[in-house]
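To keep things clear, I will list the structure first and then write my remarks on it.
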There are 2 protein chains.
Amino acid sequence: MPAQPSHNPPPVTPDPGPEALRADARENRERILRAAREAYALHGIDVPISAIARRAGVGVATLYRRFPTRTSLITEAFTEQLTECAGALDEALEDPDPWRGFCTVLRKVCAMQAADRGFTHAFLARFPGDTAYAGERDRAEEGLALLVRRAKEAGALRPDFDVSDVVLTLLANNGVANGAGPQAAAASRRLVGYLLESFRAGPATGPLPQPVGLELDRLGGTG
Amino acid sequence: MPAQPSHNPPPVTPDPGPEALRADARENRERILRAAREAYALHGIDVPISAIARRAGVGVATLYRRFPTRTSLITEAFTEQLTECAGALDEALEDPDPWRGFCTVLRKVCAMQAADRGFTHAFLARFPGDTAYAGERDRAEEGLALLVRRAKEAGALRPDFDVSDVVLTLLANNGVANGAGPQAAAASRRLVGYLLESFRAGPATGPLPQPVGLELDRLGGTG
DNA sequence: GGGTAAACGGATGACCCTCTCCATTTAGCC
DNA sequence: GGCTAAATGGAGAGGGTCATCCGTTTACCC
């Protein structure tokens, strides 16, 4: 649907969208995102913008024209992984064995956390006034609650497990992923192994400390 | 043993030690340490030196005269807590029930982590070329290994538990402590509750992922 | 009380990071 | 091939932190 040639005035070009860009600009946009993902995965979320620009082979101004603020770049860079997480949850929900689905999704997301230094930061960080992920997050919370309920009803997940314990797991895994250096992946696997054993319904488990109402959006690094 | 009055030349005054300071200087030194501990506990280890100096009511230069580098201040500020940890371990070793001692020391150290934002950072951070804690650390590793062996021999700790799983626990707890904000303490308690259940020797536990040889001194934040 | 060396603190330099400006280059269309 | 608007990139403003310098103040000893 080609537009009228002479005047088709978008009010203030609020967000042209990547498709409306000139070919070279779109190419550069992709290069920037790739460079950002690599840099975040390797060095965490604190890498300077200039380093990303250098890695992408573009000037700083180019980066800023495409991603006006630091957080907009981070948001965009991790959308792919967030989608992957959502996909893992969907798969888990389709598994006829809810406990297996539960284990699989936790293992998968934790492995992603361990493989990418920046991912967790982006995943858990509070983006000031940001609603970019809100939709995904709500959907994830619903799906998670459903999965947990099913696993409990199947008698495989302990009854005093709380949905917020998933967030607890992610936070704990985050600590391991960020702290264990080159052994992050292996350490994360072992932690998740321990926790899943704990989560499994068993004969004689004593009372746990109270669950905490951790929510995905109330988490955040240093605030 | 008073020194000769006129000439008793220490080569380059390598480290006068806090006792040799003038009264006001020693007072200020204490004020700085107190302010640093407060600030680190509240805001994490990233607070600027100037903020600590302001909180202590001294100038920046005074702080730097006493603690020439940023890390030297951090090291000194957390020595107290490290000593407390070592004490907790000693108590645990004296407990006739090694499993109870094991649980107590893990609970205690994790609670300290959760209560103090900066503590874990300081505890786990790699201090470049630093050997200040080396002695304490070696002693802690020995004691920990002994405690773990006793708890296994008592049949209370699962046989495939590895000493490095203590570090794993600390890292995981660190993630929770840093991520859960105001609920850090409660979240940490719940995590430790789950993990201790997993660590307890039980009838039918499947194989765990391989242990990782995490060591106290090979850990570190972002490297 | 007076002398002296220790201690003090504000100003300052060096460095790094985020984000902007503008002269120059380049892609897309006729 | 030439025109035009989009896109580019380096230089630099602005803000923040670490660490130092030096003129002034203060504690300690006699």
Side-chain angles (χ1 to χ4, degrees), chain A residues 2-10 12-13 15-32 35-36 39-40 43-75 77 127-128 222, chain B residues 2-10 12-13 15-32 35-36 39-40 43-75 77 127-128 222:
Chain A
Q4 307 292 347
S6 48
H7 59 288
N8 183 18
V12 275
T13 46
D15 187 1
E19 306 82 10
L21 292 174
R22 222 169 68 177
D24 54 345
R26 187 159 51 186
E27 159 84 9
N28 277 338
R29 199 189 122 95
E30 284 311 312
R31 277 235 290 267
I32 290 167
Y40 291 154
H43 310 294
I45 215 171
D46 284 336
V47 278
I49 295 282
S50 56
I52 295 175
R54 207 178 315 123
R55 181 184 279 260
V58 303
V60 194
T62 301
L63 197 158
Y64 272 103
R65 196 170 312 104
R66 222 46 73 205
F67 305 98
T69 88
R70 180 187 178 72
T71 33
S72 68
L73 172 61
I74 294 172
T75 304
F127 293 115
T222 53
Chain B
Q4 306 293 347
S6 46
H7 56 290
N8 182 20
V12 275
T13 46
D15 186 4
E19 306 82 9
L21 291 175
R22 223 169 67 177
D24 55 344
R26 188 160 49 184
E27 159 85 8
N28 277 339
R29 198 189 122 96
E30 283 310 313
R31 278 235 289 269
I32 291 168
Y40 290 154
H43 309 295
I45 215 171
D46 284 336
V47 279
I49 294 281
S50 56
I52 294 174
R54 209 177 314 123
R55 181 184 276 262
V58 304
V60 196
T62 300
L63 197 157
Y64 271 104
R65 197 169 311 105
R66 221 45 74 204
F67 305 98
T69 88
R70 179 189 179 72
T71 34
S72 68
L73 172 61
I74 295 172
T75 304
F127 292 115
T222 53

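Lettering follows sequence order; numbering is per chain, from 1.
Whole-Å rounding puts the A:L63 CG to D:dG10 P distance at 13 Å. Between B:N28 atom CG and C:dA6 atom P there is a gap of 17 Å when expressed in whole angstrom units. When the C1' atom of D:dA6 is taken as reference, atom CZ of A:R29 falls 16 Å away, rounded to whole Å. One atom, CZ of A:R54, and another, P of D:dG10, lie 11 Å apart when rounded to the nearest Å. Computed from coordinates, the A:E27 CD to C:dT26 P distance equals 15 Å when rounded to whole Å. Protein atom CZ of B:R26 is 18 Å distant from nucleotide atom C1' of C:dC8, rounded to whole Å.
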Base contacts versus sugar-phosphate-only contacts with protein, heavy atoms under 4.0 Å: please encode nucleotides 18-30 of chain D as B, S and - from 5' to 3'. SBBB----BBS--
How far apart are the C-alpha atoms of A:I49 and A:F67, what are their side-chain angles, what is the distance that settles it, and do they pass the side-chain contact (heavy atoms from CB on, under 4.5 Å) test? CA-CA 11 Å; A:I49 295 282; A:F67 305 98; over 6 Å; no
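The CG atom of B:L73 sits 8.0 Å away from the CD1 atom of B:I32 when rounded to the nearest 0.5 Å. For the atom pair CD1 of A:I52 and NE2 of A:H43, the computed distance is 10.0 Å after rounding to the nearest 0.5 Å.
Within 4.0 Å (heavy atoms only), A:R66 reaches sugar-phosphate atoms of the nucleic acid but no base atom.
Considering only heavy atoms from C-beta on, B:R66 comes within 4.5 Å of B:L21 through its side chain.
Residue B:R31 comes nearest to B:G57 through the heavy atom pair NH2-O, 4.1 Å, listed as atom of the first residue, atom of the second, then distance.
A salt bridge is absent between B:E30 and B:R26; no separation between the charged side-chain nitrogens and carboxylate oxygens falls under 4.0 Å.
Contact annotation: B:T62 does not reach the phosphate of C:dA7 (side-chain N/O to OP1 or OP2, under 4.0 Å).
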